[in-house]
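All values reported here derive from a predicted model rather than from experimental measurement. In what follows, residues are counted from 1 in the order of the sequence shown.
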Amino acid sequence: MARANARAGQGVPASIAGPRLIFLLAVMALLLVGFVMVYSASSVKAINGGDDPASFLVDQLLYAGLGIVCALVLWKFVPYRVWDGWLVWGIWAVAVALVVATFFFGTEINGAKRWLNLFGSFGIQPSEFFKVALVLASAHVVNGYREARTPFPVLVVQIGVLLLPLLFLYKAQSDLGTTLICAVGILTVLWLGEVPLRTMLVILAVVAVFAFAAMFLVGYRADRWVFLNPWNDGDGGYGDGYQIIRSYYAFAEGGLFGVGLGNSHEKFLYLFSSESDFIFAIIGEELGMVGALFVVALFLVFLWSGMRIVRAAPDNFGAMAAGSCVIAITFQAFLNMGCAIGVFPTTGKPLPFISSGGSSLIATFIMVGIVLSVSKGAAAPSVYDRRRDDLRILRAEGHVPAASRGARGRGGGRSAATAQGARLATAPGVGRRHGAERPSKQSEFHVVGHDARAARGGRAVARR
């Protein structure tokens with residue numbers, strides 16, 4: 001009843017409005033932290049390159065604005081259910097085409113060909129948008145099989161269509177970080193899709209074997225295990241262990257409360273990618289352990305509120321799509337922070353909402369828009385809510401004919417007028433709103449509620 005009253009008053013149930021508000025506040029807080037830290041961490045690099053100190057911040061603001069617009073459009077104007085149809089395969093085809101185009105026409109930066117120039121110097125990183133298309137397509141495939149819309153042979157073909165481009169992405173761009181994030185997104189879809197535990201364990205075993213082989217059988221990735229003892233890298237800490245050592249220095253210098261905003265030493269070209277992949281180390285140096293834990297807490301709040309939205313999703317597809325987006329973003333965040341503190345080998349993935357980078361920021365906001373679209377669907381009244389809200393509980397009151405009074409006096413029970421009113425009450429669409437005719441004077445009755453004046457006057461009162 002409270003749910004219907006809230007909707008009638010243009011409100012949203014507290015179980016949905018609360019988590020959505022907290023979710024939005026967490027996203028905005030992370031974005032603001034990102035603006036501050038991108039400017040602080042990138043100003044020296046910009047000056048060294050002959051640019052304005054705020055050039056990285058200006059780009060970040062533009063990318064954030066575009067990402068927020070995408071999120072708002074998806075939230076307000078695009079029902080999430082459209083992705084559970086043929087449209088998702090169109091998005092998937094575009095994402096795969098961009099990944100393939102990157103292999104042939106991409107730009108190589110820092111030894112990896114992961115960027116595709118579209119208009120002059122303006123380029124994107126297609127793998128970031130590939131993640132979004134993959135989680136949506138995975139949710140569509142699993143939901144189709146759950147609802148018996150997809151025969152098993154077709155399901156096998158669809159799984160191949162999803163996995164082959166993912167393997168191509170890993171092989172062509174040598175992007176293990178994105179591959180792991182995509183794998184976590186797919187596993188989340190399977191988990192929320194209630195795939196049998198035995199199947200999940202088999203898939204987890206395959207993923208674990210693949211990750212182990214990728215980390216130990218590929219030469220340069222095997223070198224990244226130097227994070228276990230970076231000073232023993234064969235070059236006295238100036239080889240493969242140099243980057244993680246500088247990250248350690250940043251956290252050590254920061255201590256509990258940090259050296260102060262803007263006072264980082266490692267950003268003076270000692271720590272590579274201080275504004276992107278290793279921005280968490282600069283946060284730890286300038287804001288200390290307190291600031292670093294604050295960022296961790298914001299991501300935990302993001303995860304909690306996002307999963308509350310998933311819990312209220314109106315259908316399985318919504319839960320799978322929103323859940324995979326929330327967990328993929330959170331996993332990427334903790335993967336980045338784990339690399340910065342030396343818990344995981346370096347993967348080169350940015351910190352969501354905070355690191356400098358346009359493609360990552362826009363793709364992350366697209367995922368946020370999908371989650372918000374699911375929350376909007378959960379707030380809308382379902383068909384069952386509408387049916388329940390249309391119900392009318394009626395009670396017959398009014399003049400009792402003499403014959404009925406005699407019958408009641410002889411123990412006949414309810415009056416004929418009452419019985420006639422009860423019969424009218426059970427008919428659909430009773431009430432002035434639906435144009436019900438006024439009953440005869442002999443059987444006047446009142447609709448809903450106790451109104452003494454109406455009872456005395458014999459008037460018909462209608463109330464929702």
Side-chain angles (χ1 to χ4, degrees), residues 25-48 53-54 56-57 60 177 224-233 235-304 329-357 360:
L25 291 175
V27 169
M28 291 299 105
L30 288 167
L31 188 63
L32 291 176
V33 171
F35 289 154
V36 173
M37 295 311 304
V38 164
Y39 176 72
S40 176
S42 65
S43 56
V44 173
K45 182 177 180 179
I47 293 173
N48 184 68
F56 282 85
L57 175 61
Q60 191 77 350
R224 293 183 180 180
W225 286 93
V226 73
F227 78 96
L228 297 173
N229 186 3
W231 286 273
N232 187 25
D233 63 354
D235 293 311
Y238 288 94
D240 295 323
Y242 177 82
Q243 181 75 354
I244 189 63
I245 289 175
R246 304 312 305 192
S247 183
Y248 288 161
Y249 286 166
F251 284 109
E253 292 169 1
L256 186 60
F257 297 106
V259 298
L261 189 62
N263 294 329
S264 168
H265 173 267
E266 295 301 319
K267 70 182 181 183
F268 282 85
L269 307 183
Y270 292 100
L271 181 64
F272 180 73
S273 297
S274 59
E275 80 288 351
S276 54
D277 299 349
F278 277 84
I279 196 170
F280 188 65
I282 303 301
I283 293 174
E285 183 180 9
E286 295 189 349
L287 304 181
M289 186 176 70
V290 173
L293 291 179
F294 176 71
V295 173
V296 172
L298 286 178
F299 278 110
L300 291 176
V301 171
F302 173 86
L303 174 64
W304 176 85
I329 293 173
T330 307
F331 174 78
Q332 179 175 332
F334 281 92
L335 179 65
N336 174 279
M337 293 185 289
C339 294
I341 64 176
V343 174
F344 302 129
T346 304
T347 58
K349 302 313 298 177
L351 186 60
F353 304 110
I354 296 179
S355 291
S356 174
S360 175

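Between S247 and A340, the closest heavy-atom pair is OG-O, 2.6 Å. Of all heavy-atom pairs between C339 and F278, the closest is O-CE2, 4.2 Å. Here the closest non-hydrogen pair linking G342 and Y248 is CA-OH, 3.5 Å. Heavy-atom minimum distance, P230 versus I244: CB-CG2, 3.2 Å.
Applying the side chain to side chain contact (heavy atoms under 4.5 Å, CB included) rule to A29 yields the partners L298; only residues at least two apart in sequence or on another chain are considered. Checked against side chain to side chain contact (heavy atoms under 4.5 Å, CB included), D235 has the following partners two or more places apart in sequence or in another chain: D233. In this view, F280 and F251 satisfy the ring pair (Phe, Tyr, Trp, His ring centres under 6.0 Å) rule, not counting sequence neighbours. The ring pair (Phe, Tyr, Trp, His ring centres under 6.0 Å) test applied to F334 returns no partner, not counting sequence neighbours. Residues satisfying the side chain to side chain contact (heavy atoms under 4.5 Å, CB included) test with L31, not counting sequence neighbours, are M28, F35, A64, I68, L361, F365. Listed by chain and number, the residues in a side-chain hydrogen bond (donor to acceptor under 3.5 Å, both in side chains) with Q60 amount to none (sequence neighbours excluded). For W304, there are no ring pair (Phe, Tyr, Trp, His ring centres under 6.0 Å) partners at least two apart in sequence or on another chain. Residues meeting the ring pair (Phe, Tyr, Trp, His ring centres under 6.0 Å) test with Y242, sequence neighbours left out: none.
Here the side chains of Y249 and Y270 are not in contact, with every heavy-atom distance at 4.5 Å or above. By the 4.5 Å heavy-atom criterion applied to side chains, V33 and V295 are counted as neighbours.
In this structure, the separation between CG on D240 and CG on N232 is 11.5 Å, given to the nearest 0.5 Å. Taken from CD1 in I354 to OG in S360, the straight-line distance is 11.0 Å, to the nearest 0.5 Å. Distance CG/L351 to CD1/I283: 6.0 Å, rounded to 0.5 Å. Between the CG atom in L271 and the CZ atom in R246 there is a gap of 8.0 Å [rounded to 0.5 Å]. Taking NE2 of H265 as the start and CD1 of I282 as the end, the distance is 11.0 Å to the nearest 0.5 Å. A distance of 11.5 Å separates CG of L287 from CG of L293, quoted to the nearest 0.5 Å.
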- Message: Run the side chain to side chain contact (heavy atoms under 4.5 Å, CB included) test on F294 and V290 for me, step by step, so that the C-alpha distance in whole Å, both residues' side-chain angles and the decisive distance to 0.1 Å come before the verdict.
- Response: CA-CA 6 Å; F294 176 71; V290 173; 5.7 Å; no

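Note on residues 345-357: pairs passing salt bridge (charged side-chain N to carboxylate O under 4.0 Å, His left out), not counting sequence neighbours, are E128-K349, D175-K349. Within the structure, salt bridge (charged side-chain N to carboxylate O under 4.0 Å, His left out) contacts touching residues 33-42 (residues at least two apart or in different chains) do not occur. Counting only residues at least two apart or in different chains, side chain to side chain donor-acceptor pair (under 3.5 Å) contacts with residues 252-264 comprise S264-E285. Sequence neighbours left out, the pairs with a member in residues 28-45 that pass side chain to side chain donor-acceptor pair (under 3.5 Å) are S40-K267, S40-E286, K45-E275.
Judged purely by atom type and a 3.5 angstrom limit, Q332 has no side-chain atom pairing as donor or acceptor with the backbone of P352. Between the side chain of S274 and the backbone N or O of I279 there is no donor-acceptor pair closer than 3.5 Å. The closest donor-acceptor contact from the side chain of S355 to the backbone of S276 lies under 3.5 Å.
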